[in-house]
Amino acid sequence: MAEGLARSLLGEQVDVLSAGSQPSKVNPYAIGALAEIGIDICAHYSKSVDDMDAASFDAVVTLCADEVCPVLPGRVTRLHWPIPDPASSDPTLSAEELRKRFRVAREQIRQRLPELTSVLGLRVVG
């Protein structure tokens with residue numbers, strides 16, 4: 001979701017990549033949460049942080065809250081936004097509860113994106 005939100009906000013100003021420490025597939029609830037606000041991430045795919053060239057990054061944002069955050073080497077601007085992972089394997093959660101969790105995470109990321117634009121010295125128009 002963070003990649004889709006950042007790309008939507010920043011457009012072509014920067015290259016936006018996202019990766020996880022345990023990549024799997026893009027969660028359908030993430031796709032739905034962003035579709036609700038007009039962002040299509042159907043073509044996105046899960047990537048591993050191990051496959052990224054961290055030395056080429058200007059900034060890294062980690063979203064991990066309860067899970068272990070990846071440590072990326074090098075001198076890079078780092079922002080940490082501890083947003084709980086909305087995905088869950090808890091069978092007692094209903095589909096609506098999962099949708100709500102993804103909406104909450106989406107909004108938490110959206111609220112923090114201006115901090116990233118400020119750190120990168122970008123101006124968002126629109």
Search all heavy atoms of Ala2 against all heavy atoms of Leu63 and return the closest pair with its distance. CB-CD1, 3.6 Å
N/O donor-acceptor pair under 3.5 Å between Ser46 side chain and Ser24 backbone: yes
How far apart are the closest heavy atoms of Ile39 and Gly4, and which atoms are they? CG2-O, 3.8 Å
May I ask you to test the Phe102-Met1 pair for a side-chain heavy-atom distance under 4.5 Å? yes
Given the options Glu97, Arg101, Arg103, Arg99 meets side-chain contact (heavy atoms from CB on, under 4.5 Å) only with Arg103
Separation between CD1 (Ile109) and CD1 (Ile83), nearest 0.5 Å, reads 4.5 Å
Looking at every non-hydrogen atom in both residues, tell me the closest pair between Ser48 and Ala19 and how far apart they are. C-CB, 3.6 Å
Between Cys42 and the options Val26, Ile31, Leu34, the side-chain contact (heavy atoms from CB on, under 4.5 Å) test singles out Ile31
If you compare all heavy atoms of Asn27 against all heavy atoms of Ala87, which two are closest, and at what distance to 0.1 Å? ND2-CB, 3.9 Å
How long is the span from the CG atom in Leu120 to the CG atom in Leu10, to the nearest 0.5 Å? 7.5 Å
If you round to the nearest 0.5 Å, how far is OH of Tyr29 from CZ of Arg106? 15.0 Å
What salt bridge (Lys or Arg N to Asp or Glu O under 4.0 Å) pairs are there with at least one residue in residues 39-58, not counting sequence neighbours? Glu3-Lys47
Write down the atom of His80, the atom of Thr62, and the distance for their closest heavy-atom approach. ND1-OG1, 2.7 Å
Do Val104 and Leu98 share a hydrophobic cluster (ILVMFWY, side-chain heavy atoms under 4.5 Å, transitive)? no
Less than 4.5 Å apart, side chain to side chain, heavy atoms only: is that true for Leu5 and Ile37? yes
Looking at OG of Ser56 and CG of Asp15, how far apart are the two atoms once the value is rounded to the nearest 0.5 Å? 9.0 Å
Considering all heavy atoms of both residues, which atom of Ala6 and which atom of Leu113 are nearest to each other, and what is their separation? N-CD1, 4.0 Å
Rounded at 0.5 Å granularity, tell me how far CZ in Arg112 sits from OG1 in Thr117. 14.0 Å
Check salt bridge (Lys or Arg N to Asp or Glu O under 4.0 Å) between Arg110 and all other residues, then give those that pass, not counting sequence neighbours. Glu107
